[in-house]
Amino acid sequence: MLDFLGNLERTHYCGELRAAHAGQQVVLMGWVNRRRDHGSLIFLDLRDRTGISQIVLDKDLIPEGHAKGEQIRPEYVVAAVGKVRLRAADAINPKMPTGEVEIEATELRVLNDTRLAPFSPSEEAIQNEEVRLKYRYVDLRRPEMQRNFRLRHEITLAIRDNLSKQGFLEIETPILTKSTPEGARDFLVPSRVHPGEFYALPQSPQIFKQILMISGFDKYFQIARCFRDEDLRADRQLEFTQVDIEMSFPHQETVFAVAEEFLAAGFAAAGVTLPTPFPRISYDESIRQYGSDKPDLRLPSLVDVRPAFTDAALATLQIDPALPVVALRIPKVGELSRKEREDNHPLFELGKGAKFIDDFKRLSKGFPEAASKVRELVSADEADFVIIVAGDPANPIKASDTKIPGRLSEREINVYSAAGNFRTELAKKYADRHGAFRTTEETVQEAAALNGEKHLVDGSAAFRPIWITDFPMFEYDASLGKWMPAHHPFTAPHEADMANLLTDPASVRANCYDLAMNGLELGSGSIRIHRKDVQQQIFKSLGISDEEAHARFGFFLDALEYGTPPHGGIALGLDRIVMLLAGAPSLREVIAFPKTAKAVDLMAEAPTTVTDEQLKELHIRVALKS
Ligand code: ASP
């Protein structure tokens, strides 16, 4: 038999009670985390979002409550009325913040019972994530998830507050709108009122935020939901949240300063310092040093070991002398057996026209000088695992060799990125040995344990942000035979490279930037094109005709003609920021109701078919191949 809440009012949260509350009359409400039956005494651990308190049901004191207690199962919802008392010395639980006290209940109301869920929030997360997602309401009750969402709230609040202090106005932009070109597929929404026409969900607020600059708002921000129909990964969801920024009259550095400040504020809200300014590196240099445009600075960079080899040695080793020869070093891996090394081989991407040498013993036999020079160049300790990556003449790939003075060719980039990807994969595999990621885990744990204390944990070694600048403006898409924008097509080229737009697209640098942290892309932005003539030229260089440009972004091109100030901005992925600060392995741990890798919401069971009437109203017929 269930009880009513009646006029009972909660006085405290379960996690709040301390020795100082002893003697107070309290009313707690929550879920039964655990129940222990000691005959005439029943103990309930009552849980809410703040923590757990122990309730004592004494048969002599409240026979009726005690009888109810006998029926209670975990996850029942109850209200307990009673007096806080100090526990006997031998019953104190130092592991619980409320472990010095318990509540001697004088009344117990059972507000609801529960079906038996396939797992209990009082335990660690179960391995089967699909079950967790299906019963998300139960999963979210787990203290770890409660903590993640509290953290998310605090970080978001701090970022909002900081941006507001920096003079940014939060302005919402439409969800039902027109396609925004961010390089993904659109989600389309059929219009009932306009048969055969569709809205697109925004891939980002990009065009609208630029229009807000034309509208004179000067500084805009939005914690904006973006929708991109692409394949999901641990760090990608169909809908995700960005801290979206746009400002008028900025330079790149102006945007960096704004972003560094709000990010540091977000980190501080999570208890971690993030020293500013962040380092900067050009795209080419990032590729050279890390084989990636989202480098993880917690690990040693790649090292050019070309000088260790004579031309003859390269020829014997069948290494392309015209391409980079680099070494990567994973610290403290220790000696690997041949079998262990071979197990790593599938982690190397063969499609990039590169090869690797990971058998140093063998290399030392044939080329003792080169081998020791390589280890010296990468400053390898005995236990460090060193691998050489170089161009493979036997396995050339179709890529351009075009050398623009001072810039990397596509084939060079391929070799570097083969090395960079191998470095990342091996670093993941040997994380326990090199320990470079442990600092991050420890910092996150330390910050979590601060528990409202005001001082901050030093995050300088655990979180390594870096700005990547001077990206190429275009990427050659061999399958399409066209130069494609490497970013959205509103990104301005460097003023100095403008003249080469049509004649030498490969040489044009974009006035855009990414922020990477610990191997994750946190976000990107750019200085935008604010002149219609330049915008038209960019469309032209991208092979977008006037008609197409007009059909897709006509309203925006029109707007550009009405006094557009120079402007620029950035968007950082909020989910990713929270994921890093929560120490979570996946975005799904910091999004309340995420989709699976198969793009399904298992709890809501979306997507689903709809009724024939709904389809008819939308003038849509489904043509499924059976
Ligand atoms: N709209 C861009 C994105 O979503 C960010 C920007 O350029 O501000 O990645």
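We count ligands from 1, going down the list as the structure has it; atoms in each ligand are counted the same way. Hydrogens, waters and symmetry mates are skipped; everything else that's a heavy atom, side chains included, is used. Note that the structure is predicted; figures quoted are calculated from it, not measured.
Not less than 6.0 angstrom separates the ring centroid of Phe262 from the ring centroid of Phe221.
His251 approaches Ile527 most closely through the heavy-atom pair C-CD1, 3.9 Å. Counting all heavy atoms, side chain and backbone alike, Pro205 lies closest to Thr173 at CB-OG1, 3.5 Å.
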Checklist entry - Do Asp139 and Leu133 pass the side-chain contact (heavy atoms from CB on, under 4.5 Å) test, and can you show the C-alpha distance, the side-chain angles, and the key distance before you say yes or no? => result CA-CA 7 Å; Asp139 185 46; Leu133 290 174; 5.7 Å; no
Checklist entry - Does the side-chain contact (heavy atoms from CB on, under 4.5 Å) test come out yes or no for Leu140 and Phe593, once each step is laid out? => result CA-CA 10 Å; Leu140 288 175; Phe593 303 106; 4.0 Å; yes
Next on the checklist: Could you walk me through whether Phe463 and Leu581 satisfy the side-chain contact (heavy atoms from CB on, under 4.5 Å) test, starting with their C-alpha distance in whole Å, then the side-chain angles of each, then the deciding distance to 0.1 Å, before giving a yes or no?
Outcome noted: CA-CA 9 Å; Phe463 296 100; Leu581 285 166; 4.1 Å; yes
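Distances below 4.0 Å separate heavy atoms of Ala571 from the following atoms of ligand 1: 5 (C), 8 (O). Atoms of ligand 1 lying under 4.0 Å from at least one heavy atom of Gln242, given by number and element, are 3 (C), 4 (O), 9 (O). The atoms of ligand 1 that sit less than 4.0 Å from any heavy atom of Ile570 are 8 (O).
In Ser204, the part holding a heavy atom less than 4.0 Å from any atom of ligand 1 is the side chain. The side chain of Lys209, and not its backbone, has at least one atom closer than 4.0 Å to an atom of ligand 1 (non-hydrogen atoms only; side chain from C-beta on).
Nearest protein heavy-atom neighbour of atom 5 (C) of ligand 1: Ser524 O, 3.3 Å.
The shell of residues lying under 4.0 angstrom from ligand 1, judged by heavy atoms, excludes Gln203.
We find that Glu441 and Arg298 are not joined by a salt bridge, their nearest charged nitrogen and carboxylate oxygen being 4.0 Å or further apart.
Relative to atom 3 (C) of ligand 1, the option among Glu182, Glu521, Arg528, Gln206 with the closest non-hydrogen atom is Glu182. The nearest non-hydrogen atom to atom 4 (O) of ligand 1, considering only Glu246, Gln210, Arg228, comes from Arg228.
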